[in-house]
Amino acid sequence: MTQKARKILVTSALPYANGPIHIGHMVEYIQTDIWVRFQKMRGNQCIYVCADDAHGTPIMLRARKEGIEPEALIARVAKEHKADFADFNVGFDNYHSTHSDENRHYASLIYQRNKDQGNISNRTITQAFDPVEEMFLPDRFIKGECPKCGAQDQYGDNCEVCGASYSPNELKNPVSAVSGATPVDRDSEHYFFKLGNFEAMLKEWTRGGHLQDEVANKLGEWFEAGLHEWDISRDAPYFGFEIPDHPGKFFYVWLDAPIGYMASFKNLCDRTADLAFDDFWGRDSSAELYHFIGKDIIYFHALFWPAMLHGADFRTPTAVFSHGFLTVDGQKMSKSRGTFIKARTYLDSLNPEYLRYYFAAKLSSGIEDIDLNLEDFQARVNSDLVGKVVNIASRCAGFIKKRFDGKLADQLDNEALFETFVTGGNHIAECYENREFSKAVREIMALADKANQYIDEKKPWIIAKEENREQELHAVCTMGLNLFRLLIGFLRPILPATAEKSEAFLQVPPLAWQDLDRPLLDHAIAAFKPLMTRIETSQIEAIVAASKEDLEQQGSTTTISDGPLAKDPISETIEYPDFAKVDLRIVKILKAQHVEGAEKLLQLTLDLDGETRNVFAGIKSAYDPEELEGKLTVMVANLAPRKMRFGVSEGMVLAAGPGGKDLYILTPDSGAEPGMRVK
RNA sequence: GGCUAGGUAGCUCAGUUGGUUAGAGCGACGGACUCAUAACCCGUAGGUCGGCGGUUCAAUUCCGCCUCUAGCCA
């Protein structure tokens with residue numbers, strides 16, 4: 001099987017340079033790295049580049065807040081990012097920055113070529129402007145009351161409480177999140193990328209096998225809605241590249257971010273012999289180009305990016321591979337639960353190979369989210385890697401060392417079994433190629449089980465005690481170690497450091513896939529040293545605890561301005577008669593049910609000492625109906641009935657919290673009975 | 001609100017182009033073994049395949065509605 005080596009360029013999405021890498025990010029870099037290492041093991045030319053995404057308003061403001069130049073901020077963050085990736089054994093061939101000469105060059109070139117082709121337009125738009133800071137405000141830097149539900153402290157594009165989407169100028173009492181000033185409208189000329197010019201090209205491209213089916217489905221939505229022009233400019237002050245010939249106007253960060261892939265590759269070309277930029281990016285390039293991304297940024301990579309490239313006479317990607325998000329113990333990563341785990345926090349306690357293995361065991365070619373279940377993580381790594389795989393070497397190595405002077409026999413005990421492994425390897429390779437890592441892992445572990453069964457069947461510890469069976473013992477242990485060698489070869493893309501240690505133990509050069517169909521015979525090996533140790537519960541607890549500490553530290557440095565009281569200050573003072581007008585009563589929740597078609601509401605039937613009330617409460621996101629029934633709570637009993645879309649609501653139950661899952665209804669102390677007044 | 005995905009044993013996941021007893025690993029329980037990092041081997045128990053309705057001789061699998069989880073809506 002002498003296949004011609006493929007030329008492949010691979011990227012992961014560029015991490016944003018205003019914060020640390022966390023384990024959610026690592027899903028993508030680990031997934032990509034495994035695929036790249038596999039390709040390299042297969043003998044292909046595979047180049048993996050990435051960079052920090054260093055531009056934009058958040059970075060400018062963050063630097064300002066820290067009292068440093070943006071360049072200093074991004075230099076510091078780049079150093080941290082590189083260390084995190086290196087320590088997770090992510091083997092970039094180059095890691096660059098979007099704030100680089102190469103990127104400025106390609107951003108300007110792509111802009112200019114598209115402009116020459118008539119793909120850029122300009123017009124004046126009205127935007128919110130902070131008169132104190134003298135800057136235009138991105139939507140997420142404007143806060144105010146939700147125009148639909150009145151919730152406080154909502155961002156300029158949508159409400160976290162009721163889920164409504166709106167434009168920033170609809171917010172009530174808007175304030176700039178930068179200065180606290182009230183924004184004013186101001187006109188500015190902006191430049192737009194005419195995505196509509198590429199409709200035919202994109203329709204063909206998105207259905208042309210370059211995307212996963214579910215992603216192509218999702219994009220159908222955009223085509224139906226019609227392709228809008230994309231605003232690619234921002235006004236000064238902005239940290240980014242000034243648009244050629246338009247002083248004071250800058251490229252929007254999302255324009256030059258994907259161009260960072262090219263810039264990083266160019267940077268590598270410039271210091272590598274025999275690596276030519278055009279071979280990979282020229283319109284007629286025969287090389288393969290793959291982008292690994294999260295499902296949240298499909299839009300940019302599957303529409304704007306191919307269009308920009310096409311419009312600028314560059315090749316388009318061979319494929320864009322999207323993956324899902326990481327949840328921890330079934331929920332979004334949470335700082336308060338200690339599951340918002342930074343890469344560095346993990347590395348302080350645990351071997352990166354564990355997480356690489358666990359992610360691999362969960363990753364498929366689809367875009368489903370994957371869950372890091374901490375208990376399962378520990379059990380699975382200990383059982384699969386330590387108990388099964390590494391143990392195979394451990395249980396054979398001693399005999400070889402003590403009885404055979406560290407030398408393997410010149411033949412295998414069971415060639416058929418060895419062949420089974422080799423054949424299994426073909427399918428495992430297919431799984432890697434198709435990014436079905438969880439399938440690959442399942443098959444590798446099934447083989448590991450077979451290896452342990454084999455050893456158990458042969459019982460070398462019994463043979464060793466009998467006379468005249470030296471040769472048999474030698475062959476069995478040689479067999480065991482050869483099976484181990486294949487397993488490590490198969491796992492090498494996932495566990496590069498463990499593979500390296502194993503290669504040192506076996507005294508062989510780095511394993512390539514093509515080496516795996518022949519056994520290692522008549523060969524001296526080194527003394528066995530434990531390759532990997534078990535995960536202790538205390539190590540996981542340490543990570544969770546440290547992640548909670550991070551939160552506390554953050555809390556103290558950003559002063560005390562983050563609590564509920566700061567977000568929603570105490571209202572103006574009232575007199576007792578005002579309060580007395582509100583008739584609060586204890587009620588029993590007789591019945592709670594979902595309301596068909598309502599996203600936020602539960603319908604409650606409340607018992608008020610014989611009288612029943614029908615109340616709609618916006619607590620669906622926080623409570624299951626079953627858990628409410630039978631509970632006592634507090635209601636405003638004399639609130640005027642209000643007609644809602646789903647019926648008349650006769651009062652209001654009291655609950656605290658910012659919204660979403662964080663809503664807590666009030667419960668009286670035991671002894672209270674329905675109908676009692678609260679005062 | 002619209003859309004794209006997902007909801008299968010205690011946990012993590014396979015699977016079913018609709019068809020007799022729905023699978024694996026881990027965990028639990030029982031046994032065996034001692035070469036090995038209390039690892040490994042053999043066996044047992046565990047599931048109204050998210051809910052309701054429809055199509056069908058037959059649905060976990062197809063269709064509709066509902067519900068929960070995640071993401072996107074330039």
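All values reported here derive from a predicted model rather than from experimental measurement. Every chain is numbered from 1 and lettered A, B, ... according to where its sequence line falls, protein lines coming before strand lines. As a basis for the values below, the full set of heavy atoms in this structure was taken, side chains included, without hydrogen atoms, waters or symmetry mates.
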Pair pattern of RNA chain B in dot-bracket, where unpaired bases get dots and | marks partners in another strand, Watson-Crick or G-U under 3.5 angstrom: (((((((..((((.....[...)))).((((.........)))).....(((((..]....)))))))))))).
Sugar-phosphate, base or nothing in reach of A:Val390, heavy atoms under 4.0 Å: base
Touch class at under 4.0 angstrom, heavy-atom based, for A:Gly398 against every strand present: nothing
A:Ser394 side-chain proximity, nearest of B:C40, B:A36, B:C13: B:A36
Residue pairs involving residues 468-487 of chain A (criterion ring pair (Phe, Tyr, Trp, His ring centres under 6.0 Å); sequence neighbours excluded): A:Phe404-A:His474
Sugar-phosphate only, base, or nothing, as touched by A:Glu375 at under 4.0 Å among non-hydrogen atoms: nothing
Residue A:Asp371, side-chain atoms from C-beta onward, closest of B:C35, B:G6, B:C13: B:C13
B:C68 OP1/OP2 closer than 4.0 Å to side-chain N/O of A:Lys620: yes
Main-chain N/O of A:Glu430 paired with A:Asn434 side-chain donor or acceptor, under 3.5 Å: yes
Contacts of type ring-ring contact (aromatic ring centres under 6.0 Å, His included), residue A:His25, not counting sequence neighbours: A:His22
A:Trp230 ring center within less than 6.0 Å of A:Phe192 ring center: no
Interface residues of residues 456-482 of chain A with RNA chain B (non-hydrogen, below 4.0 angstrom): A:Asp456, A:Trp461, A:Lys465
Touch class at under 4.0 angstrom, heavy-atom based, for A:Met445 against every strand present: nothing
Interatomic distance at P, B:U17 relative to B:C13, whole Å: 23 Å
Touch class at under 4.0 angstrom, heavy-atom based, for A:Asn391 against every strand present: base
Side-chain H-bond candidate by donor/acceptor type, A:Trp305 with A:His291, under 3.5 Å: yes
Selected nucleotide, minimal atom distance to A:Ser383 side chain, candidates B:U37, B:A5, B:C40: B:C40
Nearest-Å distance once atom P is located in both B:U44 and B:C3: 48 Å
Close aromatic pair by centroid cut-off 6.0 Å: A:Phe141 and A:Phe136: no
B:U61 and B:G7, which share atom name P, separated by this distance in whole Å: 12 Å
N or O in side chain of A:Gln378 less than 4.0 angstrom from B:C11 OP1/OP2: no
With sequence neighbours excluded, residues passing salt bridge (Lys or Arg N to Asp or Glu O under 4.0 Å) with A:Lys203: A:Glu199
Rounded P spacing from B:A45 to B:U8 in Å: 23 Å
Nucleotide nearest A:Phe325 when distance is taken to its side chain, options B:U12, B:G6, B:G71: B:G71
From B:C41, B:U37, B:U12, nucleotide with atom closest to A:Asn452 side chain: B:C41
Proximity to the side chain of A:Asp449 - top-ranked nucleotide from B:A70, B:G25, B:U37: B:G25
Salt bridge (Lys or Arg N to Asp or Glu O under 4.0 Å) contacts touching residues 384-409 of chain A (sequence neighbours left out): A:Arg380-A:Asp384, A:Asp384-A:Lys388, A:Lys388-A:Asp449, A:Arg403-A:Glu470, A:Lys407-A:Asp522
Nucleotide of B:A70, B:U37, B:U12 approaching A:Asp369 most closely (side-chain heavy atoms): B:A70
Enclosure of A:Glu433 CD (heavy-atom neighbours >12, cutoff 6.0 Å): yes
B:A24 phosphate, OP1 or OP2, under 4.0 Å from A:Arg442 side-chain N/O: no
